[in-house]
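Input: one structure, supplied below.
Just so it is clear: chains get the letters A, B, ... in the order the sequence lines come, proteins before strands, and each one is counted from 1. Predicted, not measured: the structure shown is a model, and the values here were computed from it. Values reported hereafter were calculated over all heavy atoms of this structure, with side chains retained and with hydrogens, waters and symmetry mates removed.
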Amino acid sequence: MMASSYNAKDEDGHHPGSVGSGGPGAVKSKKPDNTAFKQQRLPAWQPILTAGTVLPAFFMIGLIFIPIGIGLLVTSNNIKEFEIDYTGVDMFSPCFNCSQSYSWNSTSACTCSVPFTLDQPFESNVFMYYGLSNFYQNHRRYVKSRDDSQLNGDKSSLLNPSKECEPYRTSDKKSIAPCGAIANSLFNDTLELFYIHPNGSRIAIHLVKTGIAWWTDKHVKFRNPGENNNNLSIVFQDTSKPVNWRKPVYELDPSDPDNNGFINEDFIVWMRTAALPTFRKLYRIIQKKKDNMTPTLPPGNYSLEVIYNYPVRSFDGRKRMILSTISWMGGKNPFLGIAYITVGSVCFFLGVVLLIIHHKYGNRNNNADIPN
Amino acid sequence: MTWTNPLTLLRHGWTRHWNPDRPVRTVVSNLPFEDLKKREQPNRRYEGNAIRTNKYRLWSFIPMNLFEQFHRMANIYFVGLAILNFVPVVNAFQPEVALIPICIILALTAVKDGWEDFRRYQTDQQLNNTPCFIFSRKQMCFVERRWKDVRVGDFVRVLSNEIIPADILLLHTSDPNGVCHMETANLDGETSLKQRKVVPGFSSLGEPFQPQTFDSTVVCENPNNNLNLFKGYVERPDKRRTGFGIDSLLLRGCMVRNTDDAAGIVVYAGHETKSMLNNSGPRYKRSKIERKMNTDVLFCVVLLFFMCLIGALGHAIWLETFSSMPSYIVPDSNGNYTPSVLAGFYMFFTMIILLQVMIPVSLYVSIELVKMGQIFFITQDVELYDEELDRRVQCRALNITEDLGQIQYVFSDKTGTLTENKMVFRRCSVMGTEYCHEENVVVPDRKLILEVDRQMASIQTGPYLDFFLALAICNTVLVSSVTAQRQRVRVNVADLAGAERVGDVLRVKGRRSSSYSGGSFHNMRQWFRKCGLGKVFTSMKFFKRGGETLADPFSIDEDDGLSGSEEVCYEAHSPDEAALIHAAKAYGFTMMERTPHYVTVKLPDEALLKFEVLDILTFDSTRRRMSIIVRHPHTKEIIMYTKGADSAIMERLGNVFSDCCSKIKCVEQWCGWKAVCFSLKVISEQEFRAWSAVRQEALSAIEEKEERLMETANFIESSFTLLGATGIEDRLQESVPETIQALRRAGMQVWVLTGDKPETAINIAYSCKLLEHEDLVFTFSTNRKVLQCQLTNASFRGYSSAFTGPLMEPSIGLVIDGPTLSMAMSDELVEQFVELCKHCRAVLCCRVTPLQKSAVVKLIRQKLRVMTLAVGDGANDVNMIQAADVGIGVSGQEGMQAVMASDFAITRFKHLQRLLLVHGHWCYSRLANMVIYFFYKNVAYVNLLFWYQFFCGFSATAMIDYWLMIFFNLFFTSAPPIMFGIMEKEVSDSTLLSLPELYKRGQHSEGYRRSTFWIAILDAFYQSLVCFFIPYWTYNGSDIGIFAFGTPMNTVSLFTIILHLAIEIKSWTAVHWVIMIGSVLVYFIVTLAYSAICISCNPPSDPYWIMHKQMADPMFYLVCILTTVVALLPR
């Protein structure tokens, strides 16, 4: 040990006393400790990028990515998806009339029915989405315009919502519940599906409206005020409804108290603002048939009945209804699979090219580092 | 950056206000007023002796530190943004949250500043509490107090080897002649003793000093920083005035030497003392990288401006596309919509807030942390530790470590830097015979001893005897008494716990001369008291034995076996004299005593010869010799011994010895050594009397005194008899040639600037391989002023053209002397001179003044725009050290002045090699890479947000939770680059040392240039595009929420940024692994915890359970892997 051999001399060490540095305890050599850390001699691993390490890496990436990509692509292709635009911009589309008579406050419901055909059967659970395009739910001021503590059932926020909700904070001197622009612009079309049996009868398809929101949202993040008071109309009595709404929050789903008020799942889904201007939101779930023999949605003719309330013409938006089965990777999206395959192939190809280069020129300079 | 405490300013203003019409200061004794309250003290307006160099006090720390920190543009920028965030129309985040990063940055810096200030405070306290003796009227004696108790008007006594606590007007000394010696090494680095005289009329010989009888008033000038000028007078009650000058002032910080005690009245105290006024505090240097970085920060600002402009325009245009306002555009609280142009204008500022991270807020703090780490490692380097001096390398400037890696020109002092500045007696030549002494310790040459003995025995006189007598007496060396030395020894061993080891230690530490502390002296005394008498006795014996070794800074190690009674200690003014007198002593000719009138020499046969000194013609640089005229005690002859440089003696020899020619020859062969010749002249009584009369007349002359004295000296100093010559070598320090070679190979130009004469300088240059023998050496030196201009002009032109020609010599050395240099640096020649220098491999400037040294450095620095480094050890190098980009002080023989002025202090020249080639290179590449990385990191991250603006109507939405954004920069990704900046080791030190060429990378700034910066920015753009668009396409059209969309992006960019660094890191130690993996872990833990706890705590975003949801989704991982791979694939 170097350090210990110096110790003897250290004892005799003298403080080259600059003015005033001579306390009795100051007998200490200034010799730095000869430790690996202080001498910057810690054992180090120095990875050097050589053909030997880089080439296998390329091949590895290629070999791993291509199968993943293929798997993703196959999965994505197995997902069945059907999409129909019911906005009604076209003169001949069924909802054209409804789309023209725009007003948030029109009292009479405008209904239209959009027929469509499914060519392939949809197995297992089918998810029904509504999709909006060109709807910037991610606008900064829009995103901010909510009061999470009000939605969490906080009593004081209920009556005195956050300033962020302006100008949808109060109406008629009463606080709005739920306040803010997001709630105010709640999607309020009603969609219903009918299967048109070849014999001409219309069979309503049972749409499940619960289970569409995140469990945590439904049970933790969103709560009705007033704890166990089941009579929501009393709880919300000092508040007013958002200006664009037709009915107050406690009438969102009068049939099911667990789906009413702030914990209405349609509402919760809407409140989780979308990241991009073209988005879909889960609307209903069509559960698979119990017998398992017939597909959830057999091929054939269907009719989408829309109670058309939601205006999108002002921003040139589109409304869509999407039916989709789901897999472990979510909805249908071939992009990821293609990307994996592409990257994998590129890596593999690069590996091959580098291998050839290495074989041709590598002999001249065996240590040729491949620049990173 | 000099910084004056506003309070001090205020106080100065106040003081000025109080005595507006007093250009002088009057001081009266404090003693009659001793019991009075402070208000009634006559000297109350003058500052006390307590000093305070710390900037802050406890209560004023926060406001003052903040005030200071806001001098930095970046901080103002960030505070400005934070304030902007409070404006409701433009705010992007919650205003309180936006304050967090800047607060953390400010707090970190404040903690650092506070710590530094606290250290200063501690040293101040130590100084202030150093004991000293103040006269007290009550006790009628000097009582022990602390430095801080000293006030103007107090009487202070300073003992030998104590440090003077304040500027004291000398009124009394123990010396019968009323003089006091003072060593000013702490002040100006000169180790020679300076004589101070008692103010005339106050020194009552032999009487104890009685301050209580002092009833006069001292009138002197107001405090100033001129160390060599001081005027005033003492006015007695009867209006008699006695004048005094600087030679009566004892300066604070100096040390009393050779005088048992000195006492006087304090005229300036504390911050008003001359030494404190000279202390201008640390300089703030900006490193080259930092300067460059600042321009790049400006580029970032421009980039930011454009991005914000795009955002603002985009938002305005986007708003224009709507015929009526859609439901997702929120009107203001009155229900009105902002016009689109105005909204765009607001958006510009919102964007600035959103994208502010573009300007790396943590960069400055990180750089400071990194530099602290780098300095820590430099000072910890065991190879830069000097065992002998027990000193590490000191880093005095904290912010220019990386400049060490970019040096292009090295300017070095010669004496003490390249050489040891320890003179060693090498050989002598008497009567034509040469006697060599190879050892560093003078071991008498046998033959020579014999000759001496023979003469001693027979004739009692002869050239050999005369030669050694000349050696012994022809000097100005002072003999200090053993008693005086004893105390010095005590100081040295003050910290020791056992007397037994004293002797050993003395030998080890014998060479240390300049720094003793009053404090340790005090401790020692207390220690002695505790130990009791017996031990004191033993240690005293050791002191006596060791005393010789300590005798003077330049002493040659002597045998310890000499008996105590023979002890003499020499205080030599120059190392040469010390070497010579020790050589004489080795041959038995010991100078025992020197008084103004007598010199006593002990001969080898123990006989004492007491010469009467009739006159001393002191050394000056024009004559280059000194003489002493003595009367021989036995023969009563008047003899003049002269010593001087070979040329100065040779030209004035009288009767030429037969072997003169051969002598000259051999003297000339002693290249590299200082040749000192000794000669003798016997003067007849009449001749001397006649001369003496002329001399006296000259001495008392008022006009042209100097000239007349010179004339008389020249008159008597002629027709000598040559006694012999000595060769004194100033040894090169170890490994100097190797170091210079290495620096050369590293592409540095090495210049030597010395005050020495050209011959010596050239010899040293050859021996340290600065010049090679096959080099073409041009020597420019001019003596006649008439011809010079045209001549040099022509020669410059000639040489310059020769260089451009095809016959260009590969290596050219240039030797130029001071006067020529000043010509060369005149306006019309300077361009050519610089041009010429560029082609020279080595440049040697001789006989240059300190001012010229710095002028040369400045010239090269400005004209060639290169990084310069100056290294020197003496006070004469201070100018040069301060002029250079990096100043390095060698803490050597010539005191601490150079070290005080330097940025780095080393002990040996050879350390320069490691300091520059290894640490310089490391620091440079580390810092350069780190800065680049910082820019990259911030741009990459900010661009993620920027790309998102295209999909949210340029509404400045952040898809990442704001807290996580802050944490991202401050915690998740800050430690790795700092560690990278401190510990990265791209090339090992052994490689760097063996391949100095690697240093050139730093010289040409290859680690950090504009292109590197832009490549990093482009890289950042690419990576951010990948990091944004792969998740974008993956999630496009799906039901993903904003923050669920941002989470994978945040994660991906974390991975990318960390792995990017991982690719940059060339050597991985355990620390690296821990920090890298730790950063990623911290990210996941914090994010998970945050999204588990925060249900509605950060309103606009709702991070609740998002991370968990995402981490349960296999897509998240697939996206992360793919994106990271794609982002880093090009690398």
Most heavy-atom pairs under 4.5 Å with chain A, out of Tyr1032(B), Phe376(B), Phe1045(B), Tyr948(B), belong to Tyr948(B)
Closest non-hydrogen atoms of Ala275(A) and Gly1041(B), given as atom of the first, atom of the second and distance, are CB-O, 3.6 Å
Mind checking whether Ile1121(B) and Phe65(A) have side chains closer than 4.5 Å, heavy atoms only? yes
The interface call for Leu72(A) against chain B, heavy-atom contacts under 4.5 Å, is side chain
- prompt: Where do Asn138(A) and Tyr328(B) land on the side chain to side chain donor-acceptor pair (under 3.5 Å) test, with the steps shown first?
  reply: CA-CA 9 Å; Asn138(A) 55 13; Tyr328(B) 50 79; over 6 Å; no
Applying a strict 4.5 Å limit to non-hydrogen atoms, the region of Ile61(A) in contact with chain B is side chain
Whatever's closer than 4.5 Å to a heavy atom in chain B on Phe58(A) counts as side chain
### Task
Anything under 30° is parallel, anything over 60° is perpendicular, the rest tilted; go ahead and classify Phe37(A) against Phe377(B).
perpendicular
Most contact-rich option vs chain A, by heavy-atom pairs under 4.5 angstrom, among Ile1030(B), Leu384(B), Asn129(B), is Ile1030(B)
Check: Does any non-hydrogen side-chain atom of Arg140(A) lie less than 4.5 Å from one of His315(B)?
Finding: no
Q) Does atom OH of Tyr1117(B) have more than 12 heavy-atom neighbours, drawn from other residues, nucleotides or ligands, at distances under 6.0 Å? A) yes
Between Glu166(A) and Val330(B) the two heavy atoms that sit nearest each other are O-CG1, 3.8 Å
Between Asn1036(B) and Phe335(A), is any pair of side-chain heavy atoms under 4.5 Å apart?
no
task = Kindly indicate, with the supporting measurements, whether the criterion side-chain contact (heavy atoms from CB on, under 4.5 Å) is fulfilled by Leu336(A) and Trp1033(B).
result = CA-CA 8 Å; Leu336(A) 208 55; Trp1033(B) 279 317; over 6 Å; no
Cut-off 4.5 Å, heavy atoms of chain B, and the answer for Ile68(A) is side chain
If one checks every heavy atom of Phe135(A) against chain B at 4.5 Å, the contacting part turns out to be both
Would you please indicate if the ring centroids of Tyr136(A) and Phe954(B) are separated by under 6.0 Å?
no
Ranking Asp381(B), Val1119(B), Ile1042(B), Leu1118(B) by heavy-atom pairs under 4.5 Å to chain A gives rank one to Ile1042(B)
Heavy-atom nearest pair, Pro326(B) first then Ser314(A), reads CA-OG, 3.6 Å
(message) Measuring only between side-chain heavy atoms, which start at C-beta, is Asp1039(B) closer than 4.5 Å to Tyr129(A)?
(response) yes
Counting heavy-atom pairs under 4.5 Å with chain B, the top scorer among His139(A), Lys163(A), Arg141(A) is His139(A)
Cut-off 4.5 Å, heavy atoms of chain B, and the answer for Cys347(A) is side chain
If one checks every heavy atom of Thr1034(B) against chain A at 4.5 Å, the contacting part turns out to be both
Heaviest contributor of heavy-atom pairs below 4.5 Å to chain A, chosen from Thr321(B), Ile1040(B), Val1126(B), is Ile1040(B)
Query raised in the report: Would you say the side chain of Tyr142(A) lies within less than 4.5 Å of the side chain of Cys952(B), judging by non-hydrogen atoms?
Result: no
Exercise for review: Verify side-chain contact (heavy atoms from CB on, under 4.5 Å) between Tyr1035(B) and Asn333(A), making sure each step is shown before the conclusion.
Suggested key: CA-CA 8 Å; Tyr1035(B) 294 116; Asn333(A) 189 351; over 6 Å; no
From the list Pro277(A), Gly180(A), Gly331(A), Ala339(A), the residue making the most non-hydrogen contacts under 4.5 Å with chain B is Pro277(A)
*Would you say the side-chain atoms of Arg280(A) pair up with the backbone N or O of Gly1037(B), donor to acceptor, closer than 3.5 Å?*
yes
Output for pair (Ile322(A) CD1, Ser1038(B) OG), nearest 0.5 Å, gives 10.5 Å
Greatest number of non-hydrogen atom pairs under 4.5 angstrom with chain A, of Val1071(B), Ile1065(B), Asp989(B), Thr1069(B), falls to Thr1069(B)
Per-residue tally against chain A (heavy atom, under 4.5 Å) across Ser955(B), Ala1044(B), Gly1046(B), Pro331(B) peaks at Ser955(B)
